[in-house]
Amino acid sequence: QARRAGVDDFIAKPIAAPELRSCIARHLERQRVLRLSEGRHPGTGLPLPPRTTADVATYVEGAAAEGRAIAMVVVRPDVDDLAGDTAMGWLRETQRIANAVAGSSSVVGYHDGVSLMAVLEGDGEIAESLFEALVFGRVEGAPAWRCGIADTSEVAVDTTALRRAAEEAIDIARQDRAALVRRWRRQEAGLAPDIILIEDDPALSDMVQYVLRSAGLTFRAFANGEAALEALVAYRTEGRRPLLLLDVDLPGLDGHSV
């Protein structure tokens with residue numbers, strides 16, 4: 001009857017500790033494999049980057065078709081390195097944040113293996129109020145984090161445009177030092193980051209971005225020379241010029257031409 005009701009396993013008394021441990025390990029592994037097969041993190045159950053990307057794109061497309069206002073939020077730990085207890089604390093913290101924003105009117109998951117991305121129904125002011133409350137309730141052992149918010153009152157209803165604006169808001173918050181939650185404003189657009197990366201190899205670009213992020217540097221990554229050149233011309237520096245990491249063998253406009 002218990003099995004028919006959905007119980008995973010049953011151990012009769014007297015219970016031997018090795019048997020109990022083996023049973024628990026077996027079911028944890030089954031849960032891990034199941035979550036991974038669904039594109040979810042085995043520990044937190046939150047969507048991993050490929051699934052998050054697909055879920056967010058679907059949500060944004062639906063909002064665009066229906067004319068709904070939405071806000072995109074990117075949450076990034078404010079530490080140089082995530083390892084050991086800090087990494088475990090960050091997993092618990094991302095789960096806490098996700099639980100606070102999860103619902104029928106939102107999508108939330110891991111953005112790049114470290115950052116958390118969420119898309120919420122409503123304008124940026126609502127998202128800003130929510131995350132300003134969340135930022136001060138970290139779980140024990142979790143690192144401090146910063147949050148960038150972009151909404152469709154300032155940005156086109158486009159996944160890439162919203163993501164870039166939210167990430168730029170984080171960069172501006174880091175430059176501000178005192179700000180933990182920052183909403184993207186049109187008048188702040190185009191502020192140059194610490195590093196501009198132009199690299200068309202996705203694997204190499206991801207690796208460099210991971211190192212830059214771990215070092216606490218702000219950056220923008222481009223996969224081709226045309227897009228990078230357009231951004232370089234438009235960036236405002238405000239007294240500090242960014243460092244450019246430039247691949248030579250780029251498609252279209254090569255590195256020498258850039």
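Values reported hereafter were calculated over all heavy atoms of this structure, with side chains retained and with hydrogens, waters and symmetry mates removed.
Formation of a donor-acceptor pair under 3.5 Å by the Trp90 side chain with backbone atoms of Gly141 is not found in this model. For the pair Ser115 (side chain) and His111 (backbone), a donor-acceptor distance under 3.5 Å is absent. With Thr52 contributing its side chain and Pro47 its backbone, the two residues share a donor-acceptor pair below 3.5 Å. Checking side-chain atoms of Arg40 against main-chain N and O of Arg35 turns up no donor-acceptor pair under 3.5 Å. Without hydrogens or angle criteria, Ser22 side chain to Pro18 main chain gives no donor-acceptor distance under 3.5 Å. Looking at Arg51, its side chain does come within 3.5 Å of a backbone N or O of Glu38 through a donor-acceptor pair. The backbone N or O of Ala169 lies less than 3.5 Å from no partner atom in the side chain of Arg185, so there is not a single donor-acceptor pair. In this structure, the side chain of Thr152 engages the main chain of Ile70 through a donor-acceptor pair within 3.5 Å.
Linking ILVMFWY side-chain heavy atoms closer than 4.5 Å, directly or via other members, places Ile195 and Met207 in a single hydrophobic cluster. Residues Leu204 and Leu212 share a hydrophobic cluster, clusters being chains of Ile/Leu/Val/Met/Phe/Trp/Tyr side chains in contact below 4.5 Å. A continuous path of hydrophobic side-chain contacts links Phe136 to Val101 [ILVMFWY only; heavy atoms under 4.5 Å]. No path of Ile, Leu, Val, Met, Phe, Trp and Tyr side chains, each step under 4.5 Å between heavy atoms, connects Leu116 with Ile126, placing them in separate hydrophobic clusters. Hydrophobic clustering (ILVMFWY, side-chain heavy atoms < 4.5 Å, transitive): Leu250 and Val248 are in distinct clusters.
Residues satisfying the side-chain contact (heavy atoms from CB on, under 4.5 Å) criterion with Arg3, sequence neighbours excluded, are Asp9, Phe10. Among residues two or more places apart in sequence or in another chain, the side-chain hydrogen bond (donor to acceptor under 3.5 Å, both in side chains) test is passed with Asp254 by Ser257. Under the side-chain hydrogen bond (donor to acceptor under 3.5 Å, both in side chains) criterion, Glu29 pairs with Arg32, sequence neighbours left out. Asn99 pairs by the side-chain contact (heavy atoms from CB on, under 4.5 Å) definition with Gln95, not counting sequence neighbours. Under the ring-ring contact (aromatic ring centres under 6.0 Å, His included) criterion, His41 pairs with Tyr110, not counting sequence neighbours. Contacts of Leu20 classified as side-chain contact (heavy atoms from CB on, under 4.5 Å), with partners at least two apart in sequence or in another chain: Ile11, Ile15, Ile24. Residues satisfying the side-chain contact (heavy atoms from CB on, under 4.5 Å) test with Ala98, not counting sequence neighbours, are Leu46, Val108. Applying the side-chain hydrogen bond (donor to acceptor under 3.5 Å, both in side chains) rule to Asp8 yields the partners Arg30; only residues at least two apart in sequence or on another chain are considered. Annotation: side-chain hydrogen bond (donor to acceptor under 3.5 Å, both in side chains) contacts of Ser205 (sequence neighbours excluded): Gln209. Remark: Glu199 engages no residue in a salt bridge (Lys or Arg N to Asp or Glu O under 4.0 Å) (not counting sequence neighbours).
Between Glu167 and Arg163 there is a salt bridge, since a side-chain N of the basic residue sits under 4.0 Å from a carboxylate O of the acidic one. Using a cutoff of 4.0 Å between basic side-chain nitrogens and carboxylate oxygens, Glu168 and Arg220 are scored as salt-bridged.
Counting all heavy atoms, side chain and backbone alike, Ile198 lies closest to Leu246 at CD1-CD1, 3.6 Å. Across Val139 and Gly89, no two heavy atoms sit closer than the pair CG2-O, 3.8 Å. Considering all non-hydrogen atoms of both residues, Gly225 and Val258 come closest at CA-CG2, 3.7 Å. Counting all heavy atoms, side chain and backbone alike, Leu120 lies closest to Tyr59 at C-OH, 4.0 Å. Nearest heavy atoms, Asp200 versus Ala223: CB-O, 3.2 Å. The two residues Val157 and Ala64 make their nearest non-hydrogen contact at CG1-CB, 3.6 Å.
Once rounded to the nearest 0.5 Å, the distance linking CG of Leu197 with CG of Leu244 reads 8.5 Å. Distance CG/Leu180 to SG/Cys147: 9.5 Å, rounded to 0.5 Å. The distance from atom CZ of Arg164 to atom OG1 of Thr159, rounded to the nearest 0.5 Å, is 11.5 Å. For the atom pair CG of Asp247 and CG of Asn224, the computed distance is 11.5 Å after rounding to the nearest 0.5 Å. Here the CG-OG1 distance, from Leu91 to Thr86, works out to 11.0 Å after rounding to the nearest 0.5 Å.
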Apply side-chain contact (heavy atoms from CB on, under 4.5 Å) to Leu34 and Ser37, showing your working.
-> CA-CA 5 Å; Leu34 177 63; Ser37 71; 4.0 Å; yes

side-chain contact (heavy atoms from CB on, under 4.5 Å) assessment of Leu243 paired with Ile196 | CA-CA 6 Å; Leu243 180 69; Ile196 294 170; over 6 Å; no

What do the steps show when you test Val181 against Glu128 for side-chain contact (heavy atoms from CB on, under 4.5 Å), and what is the final call?
-> CA-CA 7 Å; Val181 177; Glu128 191 174 18; 4.2 Å; yes

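Applying the salt bridge (Lys or Arg N to Asp or Glu O under 4.0 Å) test to pairs two or more places apart or on separate chains, those with a residue in residues 116-125 are Arg68-Glu121. Contacts classified as ring pair (Phe, Tyr, Trp, His ring centres under 6.0 Å) and involving residues 207-234 (residues at least two apart or in different chains) are not found.
Counting heavy atoms from C-beta on, the side chains of Pro242 and Asp194 never come closer than 4.5 Å. Contact of the Phe131 side chain with the Val75 side chain is registered, since non-hydrogen atoms from C-beta on lie closer than 4.5 Å. Within the 4.5 Å cutoff, the side chain of Met117 has no heavy atoms near those of the Val107 side chain.
Shown here is Glu66, whose CD atom has more than 12 heavy atoms of other residues, nucleotides or ligands within 6.0 Å. Around the CD atom of Glu230, the shell of radius 6.0 Å holds no more than 12 heavy atoms that belong to other residues, nucleotides or ligands.
Residue Met72 is tested with Asp151, Val56, Ile149 for a side-chain contact (heavy atoms from CB on, under 4.5 Å); the sole match is Val56.
In this model, a donor atom of one side chain and an acceptor atom of the other lie less than 3.5 Å apart for Trp145 and Glu93.
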